[in-house]
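Take a look at the structure set out below.
The structure displayed is predicted, hence computed values, not measured ones. Just follow the structure's listing: the first ligand is 1, and inside any ligand the first atom is 1.
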Amino acid sequence: MKKPIFLKIFAGYVLVVFSLAALIFAVSLGTIRTHHINQTKKNLSNLYLTIEQISKPLITEENIEGLDVLLKDLGNRLNTRITIINRQGVVLVDSEITPESMENHRNRPEVITALTGGTGANIRYSTTQRQKMLYVARPLEINGKIQAVIRLSLPLMEIDQLINTLGEHILSLTSVITIVSLIIALIFSHFISMPVRSLNKASKTIASGDFHVRVSAASNDEISELADSFNDMAEKIDASFSELSQKKEELEGIISSMNEGLMVLDNQGRILISNTSADRITGLETTRGRYYWEAFRSLQLNALLERPETSSITEELELDDRIYLLSITPLQSGRGNVLIMHDITGIRQIEKIKKDLVVNVSHELRTPLTAIKGYTETLIEDASGDNKEYLNIIHRHTDRLINIVNDLLDLSDLEERGRQPNLEDTDLISLTDKVLILFKKRLQEKGLALKTSYPHSPPVIRVDPFKIEQMLANLIDNAIKYTEKGSIEISIKTSEQDCIIEVKDTGIGIPKEHVSRIFERFYVADKSRSRSLGGTGLGLAIVKHIVSVHHGSISVESRPFIGTTFTIRLPF
Ligand code: ADP
């Protein structure tokens, strides 16, 4: 159960006040009582001197009867019981009771002390008097010898009555002081706990989302320091919250104004955030709170989201006749994914139009170019002198145009979306040898040596043999084209995962600044040489495409005037 701080402080005060009151009451009563008893003892001791004077001669004369009469009278008047006890403990005289009826007093504590020469005092309940009594005993010496003991006793009733009356006075005084103290404690507790209560109330207000609350503490102590810190904290939270809200609004503004569809999914696939573009893609009014498979019916998306890797990916996704560039990025916290969907249907349509144009133009050009080539060849046969020279130039350029047209058609064919290569188990060595036959004559003409390095067991790999043939032909063609002396070397190696084909030459090499761009379409490092050799600038672009449709990789290493090596890795 919760105990308010006010109650705790007040309970502490109550405990202290009551303890103090009880202590004061007990100590003061005890002190007063002791003081009274000591005073009475003193009075009795003084009275002893008188009785000693009276008793001495009578005891010497052994006039016990006379002594009895005298002491009874004296005791009566002094309101004090007087007893004379001999050394054996026998009561000789008692001012109130007949001595014969009294038992031996030798063992009474006060008598024992008196017989040793001291003053004995004791408080106890008297069986004969039937009340609590104070006894004081002293020895009666005659001629330096203890002859008897004089014992004086007084009922304690009077002292007790006095103490009781005094106790009542002290009690009422203590009660008044206690009540006043408690009232003061109540007020104090209230004031001490007040700032804590207001701090508590303010914290609850902040917890409920109102950050404008502040507390004031008029005191100049730790609580006021606490209040200042609290206000400081509240101010900072308020500022941070406003900043956060502003940032959130800005972010929401950006997200909702984005053309791209944006969604944040948790690890269970529930949509936590989605912007209007994303909702538009799904065709639903709102997708927040739903699972992504309720919003998108796409097996491809399901597979992408259920993939085990946690790195981000970008893939093309087809949804309801539209194409999206989808990127999935895992949240840094690992608690979900961010999906961004960029509609690239328009871009793809334009690309298709461009591609169709290239294909159509290439097709249209091929027939007239072949005709021009044929007629030029016929004319060359009959021509002579300058005319023959001009016709040869026309023939060369027509060849180059035909090459370009063919390369463009090849590229378009490779880039055809969704077109899969015709994979077959292929023996790479015999395929390479088949390609090399085509270049034998050219190698001889240029005086270039051909070296081959093949593994012992011919690697069989699942590839499209026509495309790989085309790839090798392009690379070997380049190697011969750009090498004036030396050799061309083809090597085939295998590793655990892939088959490595290397086409190496000792040709002119490629300057460093061109190396990164040679795979681009129409990019030629040495324009004049490429043109004069009938180059199109499309050969390596075709090679790269062929490698990528086989999920392989291609790299180039080249040093000007030393040679170039193309390395292709095709996975098994
Ligand atoms: P091209 O038809 O001009 O040869 P490619 O796409 O096949 O076009 O090659 C692009 C460019 O890369 C070439 O123009 C040439 O400058 C350079 N290149 C390609 N292969 C080699 C090679 N083996 N040695 C030197 N340069 C090369």
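- Between D464 and N422, the closest heavy-atom pair is OD2-N, 2.9 Å.
- Counting atoms of ligand 1 from 1 in the listed order, those under 4.0 Å from a heavy atom of T564 are 24 (N), 25 (C).
- Of all protein heavy atoms, the one lying nearest to atom 3 (O) of ligand 1 is S530 OG, 2.6 Å.
- In summary, the side chains of T564 and S558 do present a donor paired with an acceptor at a separation below 3.5 Å, with no hydrogens or angles considered.
- S208 and D210 are not linked by any side-chain donor-acceptor pair at a separation below 3.5 angstrom, with hydrogens and angles left out of the test.
- Inclusion of G537 in the set of residues having an N or O under 3.5 Å from an N or O of ligand 1 is warranted.
- Residue-to-ligand polar distances keep A541 apart from ligand 1: every N/O pair is separated by 3.5 Å or more.
- For the pair K467 (side chain) and P421 (backbone), a donor-acceptor distance under 3.5 Å is absent.
- Looking at atom 12 (O) of ligand 1, its nearest protein heavy atom turns out to be I518 CG2, 3.5 Å.
- Remark: the Y454 side chain and the D433 side chain contain an N/O donor-acceptor pair separated by less than 3.5 Å.
- Using 4.0 Å as the threshold, K481 has a heavy atom nearer than that to some atom of ligand 1.
- Proximity of L538 to ligand 1, defined as any heavy-atom pair under 4.0 Å, is confined to the backbone N, CA, C and O atoms.
- With hydrogens and angles left out, the side-chain atoms of D279 and S274 include a donor and acceptor closer than 3.5 Å.
- When only non-hydrogen protein atoms are considered, atom 26 (N) of ligand 1 lies nearest to I510 CG1, 3.3 Å.
- Protein heavy atom at the shortest distance from atom 23 (N) of ligand 1 is D505 OD2, 2.8 Å.
- The shortest heavy-atom distance from F566 to ligand 1 is under 4.0 Å.
- Among all non-hydrogen protein atoms, the one lying nearest atom 27 (C) of ligand 1 is Y482 CD1, 3.5 Å.
- One finds no salt bridge joining K247 and E250 here, because no Lys/Arg side-chain nitrogen approaches an Asp/Glu carboxylate oxygen to under 4.0 Å.
- The shortest N/O to N/O separation between G539 and ligand 1 falls below 3.5 Å.
- F211 and F241 have tilted rings, their planes meeting at an angle from 30° to 60° on a 0 to 90° scale.
- Assignment of G509 to the shell around ligand 1 is supported, since a heavy atom sits closer than 4.0 Å.
- Between T536 and ligand 1, at least one pair of N/O atoms sits closer than 3.5 Å.
- Panel note: side chain S193, backbone H190; a donor-acceptor pair is recorded below 3.5 Å.
- The protein atom (non-hydrogen) at minimum distance from atom 19 (C) of ligand 1 is N478 ND2, 3.5 Å.
- For the pair D407 and L411, the minimum side-chain heavy-atom distance is 4.5 Å or more.
- Of the heavy atoms in R529, none comes closer than 4.0 Å to ligand 1.
- For atom 11 (C) of ligand 1, the closest non-hydrogen atom of the protein is Y523 O, 3.7 Å.
- Side-chain contact between V338 and L331 is present, with heavy atoms from C-beta onward closer than 4.5 Å.
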I9 vs F188, side chain to side chain contact (heavy atoms under 4.5 Å, CB included): CA-CA, chis, key distance, verdict:
CA-CA 9 Å; I9 298 172; F188 246 76; over 6 Å; no

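- Under 4.0 angstrom from ligand 1, the non-hydrogen atoms of L540 come from both its backbone and its side chain.
- For ligand 1 and D526, the ligand atoms under 4.0 Å from any heavy atom of the residue are 16 (O).
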